[in-house]
Amino acid sequence: MDRSGANHQDDRLIGVRQLPLTFDLARIADVRLSRSRAQALYPLIPRLSMYSETVGTNLIRGHLEGLLLAALVEEPGHGYALSQRLAARSGGELAVPEGSLYPALQRLERLGFVTSSWARAEGRRRRIYRLSGAGRRQAETAAREWKVFSAGVDRVLGGLL
Amino acid sequence: MTAVDDFLHELAKALHVRGRSRRRLLVECREHLTESSAAFGTEEAIRRFGSAAELARAFELEVAARRARRATAVSAVGVVGVGGSALAMINAADAHASAPLGWAVVFFGAAQVSAVSLVLALLQAAAMRSERGSPADAALLCRRNAYALGFALLTIFAVGAAVPGQTAAWRILSGPAVAAIAVASVIRAHTLARKLDPHPPSVVRPPLTDAAALAGFAWREHPVALLVPTVLVAMAAAFAWDSLDHGTVAQAGVAAAVEAALTVTAFVFLGRALGLHGVLGPRQRA
């Protein structure tokens, strides 16, 4: 923060190379966006991330199941809805390949943390996932563990910034 | 054919799994990509979805672990069924028949190896429930099940060869019939595991490590630390069994010594295949 109170970290310039070229926004592909502007444009711009996509994917992989449980806490949802919830809540920072949600959801189902059933809506057949009681408790456990873990990492890495 | 169809075709080609779980995945992916294409365009939707090959592999790892665990449950029923058939044959044997020593040793040895393999498989299956399975682990679990079933069938064969007698065919055949279903289940799970990793590294999973993981703490045992107490317990059990069977101290001592020799022999010759000890493969060393 500077004297005017502006948060420079929030306005840090972020690369636009990840902009989808099929978008209309591809017209501005050579423009660099501020984070606040990028977030305002979200969800039109997916995966505008502070880190590279590869790093992001690797970081998320170990936490994907906890994130999915958290995304199901409020209400049930199908795979696509869950991917959109994760993207919206993270401000576009979670660059997880959306296809990887399905093996993770099947694993959560095997562990008894979620249940699923087919539903038909708007002429589409969707598999709806719901959190079980055990899943709710697991989501709380994952949140507690993440808090401890992230605080530890922040104490080590945060000092470098 | 649209780009989504092309992607799904690629995914279908990458999948080795057939049946309901495959159909479910493909339907879910199609719905996802259709909605995502409507929102972001087809090209972007496919890019965001990730690689078909990676998705197929992650999905099949999950299926392989599930199949191996299911095969363990069926194998347990199969081994118990074969045990029941063997007991039915023993009970139906002629009262004055005495088994030749060789078949008696085969019977007791095979029964113990079968039981131990099944216990190892059950412990591993329970521990794998919360793990991210690897093809090598799934292959080991299948191998333990195969040994449990194979030696169970050897047990009933030894009974049939050793003691003459007559009983209803269904009593003799029901156990092996369930075992045959279990063998099919094990082969199916093992085939998928081998497709995911044709040359899996040697996996060592001592039972106490799995038991400790189930109890919620970390424990890494050394193979010798497993062998010594196992041999002592086996000797004590054999000595007690023979003593209760009106054997003299000397006879019970011989039984304990034979038991110890069988346990060590089984550990040396079958231990590696059962994941109790082993030399690390080049991939593990790397």
Side-chain angles (χ1 to χ4, degrees), chain A residues 18-26 42-47 53-54 57 60-62 64-65 77-84 86-87 92 94-113 116-129 134 138, chain B residues 3-4 7-8 10-11 14-15 17 20-70 125-126 128-133 196 216:
Chain A
Q18 292 174 44
L19 271 175
L21 295 178
T22 51
F23 265 14
D24 290 337
L25 287 167
Y42 186 84
L44 289 175
I45 304 173
R47 289 199 206 149
E53 199 163 309
T54 310
T57 303
I60 292 159
R61 199 156 278 159
L64 183 57
E65 285 156 20
H78 50 85
Y80 178 70
L82 293 175
S83 72
Q84 295 310 293
L86 288 179
L94 298 184
V96 58
E98 291 173 4
S100 66
L101 301 188
Y102 293 98
L105 283 166
Q106 293 217 354
R107 183 174 142 77
L108 289 173
E109 198 171 356
R110 175 169 66 80
L111 292 171
F113 296 147
S116 71
S117 58
W118 289 109
R120 195 170 276 281
E122 299 160 16
R124 284 189 174 144
R125 197 165 167 238
R126 288 164 167 161
R127 190 88 185 174
I128 306 292
Y129 294 89
Q138 182 61 25
Chain B
V4 169
F7 179 86
L8 290 171
E10 189 188 340
L11 177 60
L15 288 168
V17 175
R20 202 171 51 184
S21 53
R22 171 196 174 96
R23 285 195 298 277
R24 172 179 159 182
L25 178 73
L26 290 172
V27 169
E28 285 191 281
C29 290
R30 176 177 289 283
E31 289 304 320
H32 188 122
L33 286 166
T34 305
E35 273 195 73
S36 188
S37 297
F40 304 109
T42 307
E43 199 176 317
E44 173 60 11
I46 290 171
R47 191 187 72 80
R48 291 166 60 123
F49 205 72
S51 136
E54 277 180 30
L55 168 57
R57 184 169 173 81
F59 171 75
E60 290 189 325
L61 281 175
E62 185 58 30
V63 176
R66 196 171 61 216
R67 278 190 184 174
R69 292 181 65 244
R70 199 173 291 163
M128 275 175 66
R129 188 173 183 272
S130 55
E131 285 177 13
R132 238 168 266 276
L196 291 173

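Letters go in sequence order (proteins before strands), and every chain restarts at 1.
Of the two parts of B/Glu31, only the side chain, counted from C-beta on, holds a non-hydrogen atom closer than 4.5 Å to a non-hydrogen atom of chain A. In this structure, the portions of A/Arg124 lying under 4.5 Å from any heavy atom of chain B include both its backbone and its side chain. Contacts of B/Arg69 with chain A are made by side-chain atoms alone, with heavy-atom separations under 4.5 Å and no backbone atom involved.
Considering all non-hydrogen atoms of both residues, A/Arg110 and B/Met128 come closest at NH1-O, 4.0 Å. Here the closest non-hydrogen pair linking A/Gly99 and B/Leu55 is O-CD1, 3.0 Å. Counting all heavy atoms, side chain and backbone alike, B/Gly50 lies closest to A/Pro97 at CA-CB, 4.0 Å. Residues B/Arg24 and A/Ser116 share a closest heavy-atom pair of NH2-OG, 3.6 Å. Closest approach of A/Leu111 to B/Arg129, counting heavy atoms only: CD2-O, 2.9 Å.
Across B/Ser36, B/Ala58, B/Cys29, the residue that shares the most heavy-atom pairs under 4.5 angstrom with chain A is B/Ser36.
Atom CG in A/Leu101 sits 8.0 Å away from atom CZ in B/Phe49 (nearest 0.5 Å).
Not a single donor-acceptor pair under 3.5 Å links the side chain of B/Arg66 to the backbone N or O of A/Arg107.
Inter-residue side-chain proximity for B/Glu35 and A/Arg126 is flagged as met; some heavy-atom pair is nearer than 4.5 Å.
Between A/Tyr80 and B/His32, the ring planes are perpendicular. Angles over 60° get that label, and only those under 30° would be called parallel.
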